[in-house]
Amino acid sequence: IAPMDIRTRADYDHGPNEVLAVLTDPDFVAATVNQMSVGGQSHQVTTRGDHTVVTTRRTLPTDDLPDVAKKFAGPVLILDEVQDWGPAGPDGARHGTVTLRIDGVPVALTGTLDLTPSAKGATQEVRADLKAKVPLIGGTIEKAAAPAIIAGIDAVAEMAKERLHG
């Protein structure tokens, strides 16, 4: 069974370096994690060579999930996400990877992050595969989780735009 394809795009009117500076700013990361969590959370921004790594843990409610998914997850989902941004290219473009795991639920997201210059500033694209390794109902869980994941990515982009316009 093929994984569910997740794709999002956000356009910014600031260049890739300015956008990445916000997306990897520890204060911004803390604000997004705090706003999007209902319980325990953590965040860390580290530099490994010429890579910037953002690691977050968020606790989200499962209220909007179908009952079949709630059976696996319980009252909350604990999401562990790692974004690994590589060095700037000659034009300022950044490429990275993203992984997302949900504690206690056999669901994983793996994908790529691209932040490229555009005529107005920068465009961020996320392309990822969402896979629920659950016999028979994996597709149902993927379909239930995908909108929440996309909404979360979009919410962070909107918060970044607000921060850039400060």
Side-chain angles (χ1 to χ4, degrees), residues 1-12 19-20 22-26 28-46 48 51-86 93-116 122-162:
I1 299 170
M4 179 142 218
D5 193 28
I6 303 276
R7 291 178 178 265
T8 70
R9 176 187 172 114
D11 292 304
Y12 296 90
V19 174
L20 190 72
V22 167
L23 293 175
T24 60
D25 173 49
F28 176 76
V29 174
T32 63
V33 169
N34 287 332
Q35 183 169 327
M36 298 170 80
S37 291
V38 294
Q41 74 269 340
S42 65
H43 67 279
Q44 184 177 19
V45 179
T46 56
R48 293 186 196 141
H51 284 246
T52 303
V53 180
V54 179
T55 306
T56 60
R57 171 171 270 222
R58 293 186 289 264
T59 303
L60 306 179
T62 56
D63 304 343
D64 297 334
L65 293 181
D67 290 339
V68 66
K70 282 185 200 175
K71 270 202 305 204
F72 280 93
V76 295
L77 290 177
I78 298 173
L79 276 66
D80 290 311
E81 181 179 355
V82 178
Q83 294 184 5
D84 183 343
W85 288 96
R94 298 283 185 141
H95 178 73
T97 59
V98 59
T99 59
L100 181 69
R101 303 264 181 271
I102 303 173
D103 268 14
V105 181
V107 175
L109 176 132
T110 55
T112 59
L113 306 165
D114 286 296
L115 190 57
T116 54
T123 299
Q124 178 183 336
E125 290 186 276
V126 178
R127 289 183 205 85
D129 288 332
L130 177 65
K131 184 73 179 148
K133 296 177 185 148
V134 182
L136 306 178
I137 60 166
T140 302
I141 292 173
E142 290 167 9
K143 284 184 183 80
I149 290 170
I150 292 168
I153 295 167
D154 291 347
V156 170
E158 287 307 310
M159 290 173 74
K161 289 176 190 178
E162 288 172 21

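Please read these numbers as outputs of a predicted model, since none were measured by experiment.
In this structure, Asp80 CG and Asp103 CG are separated by 5.0 Å, a value rounded to the nearest 0.5 Å. Atom CG of Leu130 is separated from atom CG of Leu100 by 8.0 Å, given to the nearest 0.5 angstrom. Between the CZ atom in Arg58 and the CD1 atom in Ile102 there is a gap of 10.5 Å [rounded to 0.5 Å]. Here the CG atom belonging to Leu109 is positioned 13.0 Å from the NZ atom belonging to Lys131, to the nearest 0.5 angstrom. Residue Ile6 holds its CD1 atom at 13.5 Å from CZ of Arg127, rounded to the nearest 0.5 Å. The structure places CG of Leu79 at 5.0 Å from CG of Leu60, a figure rounded to the nearest 0.5 Å.
Closest of all the heavy-atom pairs between Phe28 and Val156 is CZ-O, 3.7 Å. The two residues Pro106 and Val134 come nearest to each other via the heavy atoms CG-CG2, 3.4 Å. The nearest pair of heavy atoms linking Leu115 to Ala122 is CD1-CB, 4.2 Å. Nearest heavy-atom pair, Gly138 versus Ala132, reported as atom, atom and distance to 0.1 Å: O-CB, 3.4 Å. Here the shortest heavy-atom pairing between Val45 and Thr24 reads CG1-O, 3.3 Å. Residue Met4 comes nearest to Ala146 through the heavy atom pair SD-CB, 3.9 Å, listed as atom of the first residue, atom of the second, then distance.
Remark: side-chain polar atoms of Glu81 are not paired, donor with acceptor, to backbone N or O of Thr56 under 3.5 angstrom. Lys161 places a side-chain N or O within donor-acceptor distance of the main-chain N or O of Asp11, the cut-off being under 3.5 Å. Using modelled atom types, no side-chain atom of Thr123 and backbone atom of Thr116 make a donor-acceptor pair closer than 3.5 Å.
Looking at Thr55 and Thr46, their side chains never come closer than 4.5 Å, going by heavy atoms from C-beta outward. Within the 4.5 Å cutoff, the side chain of Glu125 has no heavy atoms near those of the Arg7 side chain. With a 4.5 Å cut-off on side-chain heavy atoms, His43 and Val54 do not count as touching.
Between the side chains of Thr110 and Asp129, no donor-acceptor pair is found at a separation under 3.5 Å.
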Given Thr112 and His95, is the side chain to side chain contact (heavy atoms under 4.5 Å, CB included) satisfied, shown in steps? CA-CA 7 Å; Thr112 59; His95 178 73; 3.8 Å; yes
Side chain to side chain contact (heavy atoms under 4.5 Å, CB included) for Leu23 and Gln83? Distances and angles first, verdict last. CA-CA 10 Å; Leu23 293 175; Gln83 294 184 5; 5.5 Å; no
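Evaluated for a side chain to side chain contact (heavy atoms under 4.5 Å, CB included) with Asp84, the options Leu113, Val98, Thr97 yield exactly one hit, Thr97.
Under the side-chain hydrogen bond (donor to acceptor under 3.5 Å, both in side chains) criterion, Arg94 pairs with no residue at all, not counting sequence neighbours.
Within a 6.0 Å radius of CD in Gln35, other residues, nucleotides and ligands contribute 12 heavy atoms or fewer.
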